[in-house]
Each structure stands twice: as structure tokens, then as C-alpha cells.
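First comes the structure, then the notes that go with it.
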Amino acid sequence: MTRSLLPFLTLALVAGCASQRLAGADLDRVRRPAFISRIEDGAGPRSFVFREDAAYGDKLKKLEPVEADRRLTVKLQQAVTRFEISERLRVNTLTQLPREAPWTATVDPARVASVLESFLVEEVPANAPDYDMVAPLGADTVVEFVVQEYGMRSKKGHAGAFLRGYGRMFTLDGRSEVWRHPFSVDQVESGAAHLDPFKVGKDPDLFRQAMTLMLDQVALDFVKDLTPRDRRGGPTLPDHPISSSPDNVAPVLVEPPKPPESDLAPGELPDPDPDPT
């Protein structure tokens, strides 16, 4: 009986992750959208570098892979905050949308954040917000970006950053979903340059740079989706400057202390191998 249900469960999971193209007619009906960007509880940053890849065993020596991943996770947390990740995705999408309706009539993001109690905090709410709270602001539609998982992983000694989640648009009246775009950006799978986890341990900003590239690519994909060609649209307004970074607080980077040569300092990873000359 259980085995007979597996195809239906698989189909349900696939359907839940499926993308949905935004029709021009649906966008024409939007009058005042509200943008929400958030990160799910437990999404990250997460490190699967050392536990899932035995290639680093000799380098770690007596350091357990689980502990090494924990230490790397701390470094990833220093590199970029959850708040900056969610805001970069929202800001870089919104600022690159065409200057036409309905994007010229979006609800003030500060007011949205205020009613959802996510303003001036680094940790965005983990749970799905009460979307009805943005209706009094005049919103008729919500454009939501959700990060479900991010961090670093490795395969056969080749490490990289990853980012997974989805974007969607739905009406507040009836919660009718008119657009959905799942995304999965994985530097290991795409064959990007190796992101040395030991170098990240010494310079967490390397992870921040990788996340920035991935977030900006996802934002570009969102902009393409949210600009359907089969619509009547509204009058185009003059272009405005495009921000390349969020208009919020940047993360504070903490320089890791230099470990003693004789032993590994508490909380530190081994030094990276010297670059070949």
C-alpha cells in the first residue's frame, strides 16, 4: 500500500516546486504590489564540506569533519548576514524592473518591514508572515522571495557555495498564485572555480563574494520573469540608477586570529595550502 503511494507523493513534490510563468494579463491586473524577502528557519548558512567529502581528511588530521564544518559555519556567518542576503535579493530585483506600472506603485518597503516587524533587525522572521497585514497599506499583490538553504558544499575536493529557494507572486484576495520561480544555484554543480574552504576560514569575505554573484544572478532571472512581453503595460518612466548592493547595513567582518604554528587555535581551520607559483 505504501509503495503504491510513492508515485503520487513524488508527483506532489514535483508539482509543489514547479515553476509558473507570469502572464502579461495577470501583471496588468496588479495595481499595488508589496515585496517581501525572507529566509526560512534553519536555511543557513550551512556547511557540508568536510562531512560529505573525504578529500580533506589528511588536511584535517585530528580535527573531526563535523567540528570542521561547525567552525566553517561560524566563518560563513561572519561573512554575510541573513538580513543582507534577503535584502540584496529584494533590492536588486526591484531596482532593475522597468519604470512602468505596477512597479512604479510598489508599497514602501520600510512600511512593509515595519508592519511585519522585520525592520532594523538582522534576523528576518523565519516563519511565513501574516500577509493580511500588508493589505491595509494598499497592497493587492505580494511578490515574495524565499531562501530555503544556502552555504558551502564539496565534491571530490572541489568546494563551492550554493543557494536554493523560490520567488512567487500571489494576490491577497484569494491567494491566487500567478508566478513561481524555484531557483538552485550551485557552484560545485556548475563547475565554478574552487572555493577553498581553508581560505574561507581565513578570509570569510570570499564566501560573501560568492553569495553576491549568485544572488545577483537570481535577481536577474527574477527580473526577466517579472517582465512578460505579452502585456499592455503602462507608460514607461525615465530610468533611475540601479543599485548594485542593498540599501541596508553591511555585515561586520571579524578577522580570525592567526593560529600558533605548533597547534590549531580554538575555533580555527587549518591554513590553506600555499598558492602554486
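This chain uses plain numbering: 1 for the first residue, then up along the sequence.
Between Ala79 and Phe207, the shortest heavy-atom contact is CB-CD2, 3.9 Å. Minimum interatomic distance between Ala161 and Leu195 (heavy atoms only, all atoms of both residues): N-CD2, 4.1 Å.
Side chain of Arg164 to backbone of Gln148: no donor-acceptor contact under 3.5 angstrom is found. Side chain of Thr171 to backbone of Ser176: a donor-acceptor contact under 3.5 angstrom is found. At distances below 3.5 Å, not a single donor-acceptor pair connects side-chain atoms of Arg153 with backbone N or O atoms of Phe162. Judged by distance alone, the side chain of Asp230 and the main-chain N or O of Gly24 form a donor-acceptor pair under 3.5 Å. Here the side chain of His158 pairs no donor or acceptor atom with the backbone of Glu189 at under 3.5 angstrom. At distances below 3.5 Å, not a single donor-acceptor pair connects side-chain atoms of Ser114 with backbone N or O atoms of Ala110. With hydrogens and angles disregarded, no donor-acceptor distance shorter than 3.5 Å links the side chain of Asn92 to the backbone of Ala219.
Within the model, atoms CE of Met211 and CD of Gln209 stand 13.0 Å from one another, a figure rounded to the nearest 0.5 Å. Annotation: the span from Ile39 atom CD1 to Arg82 atom CZ amounts to 5.0 Å, rounded to 0.5 Å. The CG atom of Asp69 sits 10.0 Å away from the OH atom of Tyr56 when rounded to the nearest 0.5 Å. The structure places CZ of Phe183 at 8.0 Å from NE2 of His181, a figure rounded to the nearest 0.5 Å. Here CG of Asp225 is found 12.5 Å from CZ of Arg180. Values are rounded to the nearest 0.5 Å. Annotation: the span from Ser47 atom OG to Leu269 atom CG amounts to 8.5 Å, rounded to 0.5 Å.
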Practice problem: Just do the salt bridge (Lys or Arg N to Asp or Glu O under 4.0 Å) check on Arg231 and Asp28 with the steps written out, would you? | Solution: CA-CA 7 Å; Arg231 63 171 306 206; Asp28 285 334; 2.9 Å; yes

Practice problem: Go through the steps to decide whether Arg175 and Asp132 satisfy the test salt bridge (Lys or Arg N to Asp or Glu O under 4.0 Å), and finish with yes or no. | Solution: CA-CA 10 Å; Arg175 298 293 196 274; Asp132 289 330; 3.0 Å; yes

Exercise. Could you go through the salt bridge (Lys or Arg N to Asp or Glu O under 4.0 Å) check for Arg29 and Asp140 one step at a time?
Key: CA-CA 10 Å; Arg29 285 190 282 269; Asp140 63 347; over 6 Å; no

Exercise. Before giving the answer on salt bridge (Lys or Arg N to Asp or Glu O under 4.0 Å), spell out for Lys75 and Glu268 the whole-Å C-alpha distance, their side-chain angles and the decisive distance to 0.1 Å.
Key: CA-CA 9 Å; Lys75 303 299 181 180; Glu268 293 300 317; 2.9 Å; yes

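Cluster annotation: Phe145 and Val185 are assigned to the same hydrophobic cluster (Ile/Leu/Val/Met/Phe/Trp/Tyr, side-chain heavy-atom contacts under 4.5 Å, transitive). In the hydrophobic cluster analysis, where Ile, Leu, Val, Met, Phe, Trp and Tyr join through side-chain heavy atoms closer than 4.5 angstrom, Leu172 is grouped together with Leu137. Under the 4.5 Å side-chain heavy-atom criterion for grouping Ile, Leu, Val, Met, Phe, Trp and Tyr, Leu94 is connected to Val218 within one hydrophobic cluster. Put simply, Val74 and Ile85 are part of two different groups of oily side chains (I, L, V, M, F, W, Y) that touch within less than 4.5 Å, one to the next.
The only member of Thr141, Leu226, Asp26 that meets side chain to side chain contact (heavy atoms under 4.5 Å, CB included) when paired with Trp179 is Leu226. Among the candidates Pro197, Pro272, Pro270, the single residue satisfying the side chain to side chain contact (heavy atoms under 4.5 Å, CB included) test with Lys59 is Pro270.
In this structure, Lys155 places its NZ atom where only 12 or fewer heavy-atom neighbours from other residues, nucleotides or ligands lie under 6.0 Å away.
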